[in-house]
Structure formats: C-alpha cells, structure tokens
A.B. asks: 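Could you have a look at this structure, given as structure tokens, before my questions?
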Amino acid sequence: VGEGLAPLPPRAGKEWEILEEQLRHRSNQNPDQALMMITHRMARVHEFDRVLVLKEGRLIEWGTPGELLKKDSLLRQMIELQRIEDELAG
C-alpha cells in the first residue's frame, strides 16, 4: 500500500481513520498475507508488527517498533523530529 494520504496535514484524522479501517478489513480477510505500508508519518508506527527503515535506498534497521524505540535508532530520531515539527506547525 502506498502512501496516498501523504499530502494531508498531520492532523487529518478522519482520512487516516478511513485508511486504517480499510487496511484492518483487508488484513482480517487475508490473515496469511503480509501487508506493507510505506509511510513518512511516524506517529502510527507503533501499530505495525515490524518496521523496516530505509536510508538512501538501503535497509539500515528493522525490528518491532518497541525494539527500535528502546535504542538510539534512526526511527526514534525521526519520530522525535516529526513530533517537534508538528508542534511548531500547529
């Protein structure tokens, strides 16, 4: 699934709820299939089973959100940076 909602502002809650509902429905219908979500919005990352972090097209870290957030990972740094940007914008 691509990030069709990328142009939306960070707080476009209703649109995100619709997308999440559709993804959950699709996932429940096909529990044996993997679903890949590509996003630049870090706020929802804790809802994923596994996270792959790419930098300049290379896989640099992977694991569960909890594993990556416990250490000084690029994912953790990106989440903090995006949180600060969202606070300044809003």
Side-chain angles (χ1 to χ4, degrees):
V1 174
E3 191 177 3
L5 300 179
L8 294 174
R11 292 179 178 77
K14 187 65 176 170
E15 290 84 356
W16 278 112
E17 289 174 20
I18 291 169
L19 176 61
E20 288 172 352
E21 182 179 324
Q22 291 173 348
L23 292 175
R24 281 193 195 98
H25 177 73
R26 187 177 286 180
S27 180
N28 290 338
Q29 285 184 327
N30 303 300
D32 296 331
Q33 294 181 352
L35 176 66
M36 180 182 287
M37 175 102 173
I38 299 169
T39 186
H40 295 94
R41 296 284 179 211
M42 300 297 125
R44 304 282 189 187
V45 76
H46 65 277
E47 298 175 15
F48 303 142
D49 295 328
R50 296 274 186 260
V51 178
L52 307 174
V53 180
L54 303 174
K55 182 176 181 180
E56 297 177 4
R58 294 179 183 245
L59 179 63
I60 61 165
E61 56 191 32
W62 63 91
T64 66
E67 292 169 346
L68 295 177
L69 295 175
K70 286 180 185 174
K71 58 185 183 178
D72 186 30
S73 63
L74 179 58
L75 176 67
R76 184 175 174 179
Q77 294 170 21
M78 290 188 308
I79 289 172
E80 181 63 17
L81 179 60
Q82 198 164 71
R83 184 189 63 77
I84 292 168
E85 288 174 347
D86 289 348
E87 284 178 6
L88 293 173

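We use all heavy atoms of the structure for the numbers below, so side chains are in, but hydrogens, waters and symmetry mates are not.
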A.B. asks: Begin with the C-alpha distance, continue with both residues' side-chain angles, and end with the deciding distance and a verdict on side-chain contact (heavy atoms from CB on, under 4.5 Å) for Val45 and Met78.
C.D. replies: CA-CA 11 Å; Val45 76; Met78 290 188 308; over 6 Å; no
A.B. asks: Could you grab the distance from atom CD1 of Ile79 to atom CD1 of Ile84, nearest 0.5 Å is fine?
C.D. replies: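 It comes to 12.5 Å.
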A.B. asks: Mind listing the closest non-hydrogen atom pair of Thr64 and Arg50 along with its distance?
C.D. replies: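 Scanning both residues completely, I find the closest heavy atoms to be CG2-NH1, 2.7 Å.
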A.B. asks: Mind checking whether Asp72 and Gln77 have side chains closer than 4.5 Å, heavy atoms only?
C.D. replies: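 Answer yes - side chains close enough.
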A.B. asks: Among the clusters formed by ILVMFWY side chains lying less than 4.5 Å apart, do Ile60 and Val51 turn up in the same one?
C.D. replies: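 Linked within one cluster.
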A.B. asks: For Arg76 and Lys70, which heavy atoms make the closest approach, and how far apart are they?
C.D. replies: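 Scanning both residues completely, I find the closest heavy atoms to be NH1-O, 3.9 Å.
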A.B. asks: Report whether Leu75 and Leu52 are members of the same hydrophobic cluster (ILVMFWY, side-chain heavy atoms less than 4.5 Å apart, transitive linking).
C.D. replies: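 Per the 4.5 Å side-chain linkage, Leu75 and Leu52 are not co-clustered.
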A.B. asks: Taking atom types as modelled and ignoring hydrogens, do the side chains of Glu21 and His25 form a donor-acceptor contact shorter than 3.5 angstrom?
C.D. replies: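 No donor-acceptor contact under 3.5 Å links the two side chains.
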A.B. asks: Please give me the minimum heavy-atom distance between Trp62 and Leu68, naming the atom from each residue.
C.D. replies: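 Smallest heavy-atom distance, with atoms named: O-CD2, 3.7 Å.
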A.B. asks: According to a hydrophobic-cluster definition based on side-chain heavy atoms being under 4.5 Å apart (Ile, Leu, Val, Met, Phe, Trp, Tyr only), do Leu54 and Leu69 belong together?
C.D. replies: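 No.
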